[in-house]
Amino acid sequence: MIRKYVFGRPFETGAVEEQIGETQGLPLYGEIHSEGSFLFRYVMRDGDAVYGLGEANRGINKRGYCYVSDCTDQPNHTEDKRSLYGAHNFIVVSGEETFGLFFDYPSKMTFDIGYEKTELMTVSCERADLYLYVIEGESAYDVVRQFRKIIGRSYIPPKFAFGFGQSRWGYKTKEDFRNVADGYRSNRIPLDLIYMDIDYMQDYKDFTVNEEEFSDFPAFVAEMKERGIRLIPIIDAGVKVEEGYPVYDEGVRGGYFCKRKDGSDFTASVWPGETHFPDVLNEEAANWFGDHYRSLTDQGIEGFWNDMNEPAIFYSQEGVRELQQVISSCQKMERGMADLHKIQQTAGGLANAPADYRRFYHSVNGQKIRHDLVHNLYGYHMTKAAAQAFGRIAPNRRFLLFSRASYIGMHRYGGIWTGDNHSWWSHLLLNLKMLPSLNMCGFLYVGADLGGFGADTTKELLLRWLALGVFTPLMRDHSAIGTRDQEAYQFGDTEAFRSVIETRYRLLPYLYSEYLKAVYSDDMYCRPLAFVYPEDAFACGVEDQLIIGDEIMIAPVYTENARGRYVYLPEEMRFMKFMKDGCYTEQTLGQGHHYVEIAVDEVPLFIRAGRCIPLVDAASCVDEIDMRTMKVIGYEGARYERYDDDGIHTDSQVTRTIESL
């Protein structure tokens, strides 16, 4: 059962699609104070678990820490960080009372889930203008499925987007991209996508291509596609301030940029220098910005990743003036370290300063809305603008599209990657734990920067992370400029990398099928064990194993120098290890605790009792997978219903085929 409560005058975010009537009175759970600001309080029982919050730090069970929904350009995902790139205000309390809460509020919101007081949950925000949806269900999983139904169907990318992709900030020329393609093809490592970070642009200007380095760009896109590789360019939120640049000139003439209070265009500095932000919450401006994607789709591009769309701000003119004033006042350094600290604090606060988010406005249905009041919607609406434009540019064709910043509702238009992580073992584990929480909020096409974006990876870390990436819908190796080269052929032992990445392609008919099932049934692609085995106390405490689809469990290795790991099996399962040259081993293990050995070039999975999965021969890219090589592995006599479609069109009919062993 779902009840909707209205407080104040909520902003219409579009997160919930289903029409639900307002319930009078106050919710049955907790207590609410809504005079001026908003506060929800709930006393948790000892055994209560709390799930949800999508892209948030720490574990699957969110109890014990404080989280802040405030889309933030935050590359250092250490345990103390409370805000990341997304804002997903959905939680589920699971215990003696089981219920879900969605706080539809587009500005900063704080979730204290037993942080200040172990037993107390508080959810608070500055303004009491929001919708609160309360969902009752038989289990946490039931609550999630009800929520998924009211927020609308998740995005389906083209099938090629389930292939492996290579990315790096620092590919600058055609030869850089050709060298990557050559490296993968010559080493017979599958590859479907190469991503184009900011250096492909002319002076970091959206919807431009550096003509000197990428002359005859359509021919180059076609050349790569002939080799089975799609180029996927980045689009940033900021538009460079430069007269003669058509996007800038059009935006100024049309009034399409976010404004200061006095009506002038707000200016902040990002990669291109001074930029304006398209007012993507304004329908006319969003259509204008979205239609500019045509400049690249007309040249053969079939996918994009939207970045810097919190929106990220390096600094503003106002912020720099404040810093200059602080430096001037401290020039005599009469207070020594106190003066130095003030300068450092002011300089460190230039980027993504809350004051800057209060300096500009959106025009929504003829009303001026200050940005900080709807801050968490910017990435959502930028991606929505692109997705809706694709419907005009190439009706009935799927495009790959994912974003950095997001809010619930954006899941209908694109996926997300989890931002600028690091080459740390802790981030491999964080990647694993974040997946089901994102699924709970509708985001199915998700993945992390495999191997880590910042810092230097190692061969072992990259192989172990790829073994997890085999199962994430978005499988992309991405690294930062100045870090160690991270392509799969850079580490000497290409056979090991080939083996792991080929496993993705061998399993792709199953993974794609389970993705489609999750979309069409408003379900989760990956689930915590607690959702599948709620009566099993051991399973409910496991956070480093996940159920993928309905047939398999994964238990990646996430510690350095490990020869294997301990796993808990809630039921009998068939332990599979995928190895070099298309080989695999299988072993039946009973319910209980086991230590399993897993080499760095092996991909482990567990097939649940009485089930089976389809398997095909590996291929160099998704388009070359030969479905005639399909066989079924798992338990004798098991049957599997496989979903498939043409992988291209938005109205493609889903076929359902029974495979049996």
Side-chain angles (χ1 to χ4, degrees), residues 68 70-76 78 80-83 85 107-108 126 169 198-199 201-206 236-245 247-249 251-252 255-279 307-362 368-376 378-379 404-405 420 454 480-482:
V68 179
D70 186 28
C71 293
T72 303
D73 176 13
Q74 175 52 262
N76 296 311
T78 47
D80 60 320
K81 296 302 185 294
R82 299 185 177 189
S83 302
Y85 304 99
S107 189
K108 182 178 179 180
E126 288 186 358
W169 172 22
I198 54 177
D199 292 310
M201 302 180 196
Q202 182 66 52
D203 301 322
Y204 305 129
K205 292 185 289 190
D206 280 343
D236 282 348
V239 171
K240 183 175 176 62
V241 175
E242 179 182 278
E243 291 186 5
Y245 166 37
V247 183
Y248 168 77
D249 291 340
V252 171
Y256 296 142
F257 295 124
C258 294
K259 309 290 185 186
R260 290 189 180 92
K261 191 172 185 179
D262 64 7
S264 62
D265 292 327
F266 175 74
T267 302
S269 289
V270 199
W271 290 116
E274 290 192 339
T275 63
H276 294 331
F277 294 124
D279 185 1
D307 197 7
M308 306 295 287
N309 55 357
E310 290 74 33
I313 294 175
F314 291 170
Y315 58 86
S316 67
Q317 298 166 346
E318 293 89 342
V320 170
R321 283 197 294 269
E322 181 183 346
L323 176 61
Q324 290 169 337
Q325 291 169 0
V326 169
I327 293 173
S328 177
S329 69
C330 296
Q331 278 182 333
K332 293 182 180 180
M333 297 295 286
E334 293 175 346
R335 298 189 303 149
M337 285 301 298
D339 285 331
L340 179 60
H341 177 70
K342 186 173 183 180
I343 293 170
Q344 290 175 331
Q345 188 177 46
T346 306
L350 283 177
N352 309 310
D356 284 334
Y357 293 132
R358 294 191 292 270
R359 288 184 173 118
F360 64 96
Y361 291 76
H362 299 274
K368 272 188 176 181
I369 307 290
R370 202 175 70 198
H371 172 79
D372 65 303
L373 303 180
V374 290
H375 171 71
N376 292 334
Y378 195 89
R404 192 168 76 175
D420 297 343
I481 194 168

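Here the structure is a predicted model, which means the values were calculated and not measured.
Distance check: Glu126 CD to Lys108 NZ gives 7.5 Å after rounding to the nearest 0.5 Å. To the nearest 0.5 Å, atom SG of residue Cys258 and atom CZ of residue Phe266 are 9.0 Å apart. The OG atom of Ser107 sits 5.5 Å away from the CG atom of Leu373 when rounded to the nearest 0.5 Å.
Residues Tyr378 and Glu310 have side chains not in contact (no heavy-atom distance under 4.5 Å, counting atoms from C-beta outward). Side-chain contact between Leu350 and Phe314 is absent, with no heavy-atom pair separated by less than 4.5 Å. Taking the side chain as every heavy atom from C-beta outward, Arg404 and Asp73 approach each other to under 4.5 Å. Residues Asp279 and Lys259 fail the side-chain proximity criterion, which asks for heavy atoms closer than 4.5 Å.
Remark: side-chain polar atoms of Asp307 are not paired, donor with acceptor, to backbone N or O of Asp236 under 3.5 angstrom. Of the possible donor and acceptor atoms, none in the side chain of Asp203 sits under 3.5 Å from a partner among the backbone N and O of Lys205. Between the side chain of Tyr357 and the backbone N or O of Pro311, at least one donor-acceptor pair lies under 3.5 Å. With hydrogens and angles ignored, the 3.5 Å screen pairs no side-chain donor or acceptor of His276 with any backbone N or O of Lys240. Remark: the backbone N or O of Val68 is paired with a side-chain donor or acceptor of Ser83 at under 3.5 angstrom. Here the side chain of Thr275 pairs a donor or acceptor atom with the backbone of Ala268 at under 3.5 angstrom. Arg260 places no side-chain N or O within 3.5 Å of a backbone atom of Phe360 that could act as its donor or acceptor partner. Between the side chain of Thr72 and the main chain of Asp70, a donor-acceptor pair closer than 3.5 Å is present.
A side-chain contact (heavy atoms from CB on, under 4.5 Å) with Arg359 is found for one member of Glu318, Lys261, His371, Gln317 and no other, namely Glu318.
Within 6.0 Å of CD in Glu242 there are more than 12 heavy atoms belonging to other residues, nucleotides or ligands. Heavy-atom neighbours of Tyr245 OH from other residues, nucleotides or ligands within 6.0 Å: above the threshold of 12.
By the ring pair (Phe, Tyr, Trp, His ring centres under 6.0 Å) test, Trp169 is found to be paired with Trp271, residues two or more places apart in sequence or in another chain being considered. A search for side chain to side chain contact (heavy atoms under 4.5 Å, CB included) contacts involving Gln325 returns nothing, not counting sequence neighbours.
For the residue pair Asn76 / Thr78, no side-chain donor-acceptor distance below 3.5 Å is found, with atom types taken as modelled.
For the pair Asn352 and Ala312, the tightest heavy-atom approach, listed with the atom from each and the gap, is OD1-CA, 3.3 Å. Here the closest heavy-atom approach between residue Phe257 and residue Asp265 is recorded as CB-OD1, 3.8 Å. When all heavy atoms are compared, the tightest approach of Ala237 to Met308 is CB-O, 3.4 Å. Taking every heavy atom of both residues into account, Asp206 and Val247 meet most closely at O-CG2, 4.2 Å. The minimum heavy-atom distance between Val320 and Tyr315, with the atom names listed, is CG2-CD1, 3.4 Å. Across Gly349 and Ala353, no two heavy atoms sit closer than the pair O-CB, 3.3 Å.
Ion pairing between Arg358 and Asp372 fails under the 4.0 Å rule for side-chain N and carboxylate O.
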| task | Verify side-chain contact (heavy atoms from CB on, under 4.5 Å) between Val270 and Tyr204, making sure each step is shown before the conclusion. | result | CA-CA 9 Å; Val270 199; Tyr204 305 129; over 6 Å; no
| field | Residues Asn309, Tyr85; criterion side-chain contact (heavy atoms from CB on, under 4.5 Å); working and verdict | value | CA-CA 9 Å; Asn309 55 357; Tyr85 304 99; over 6 Å; no
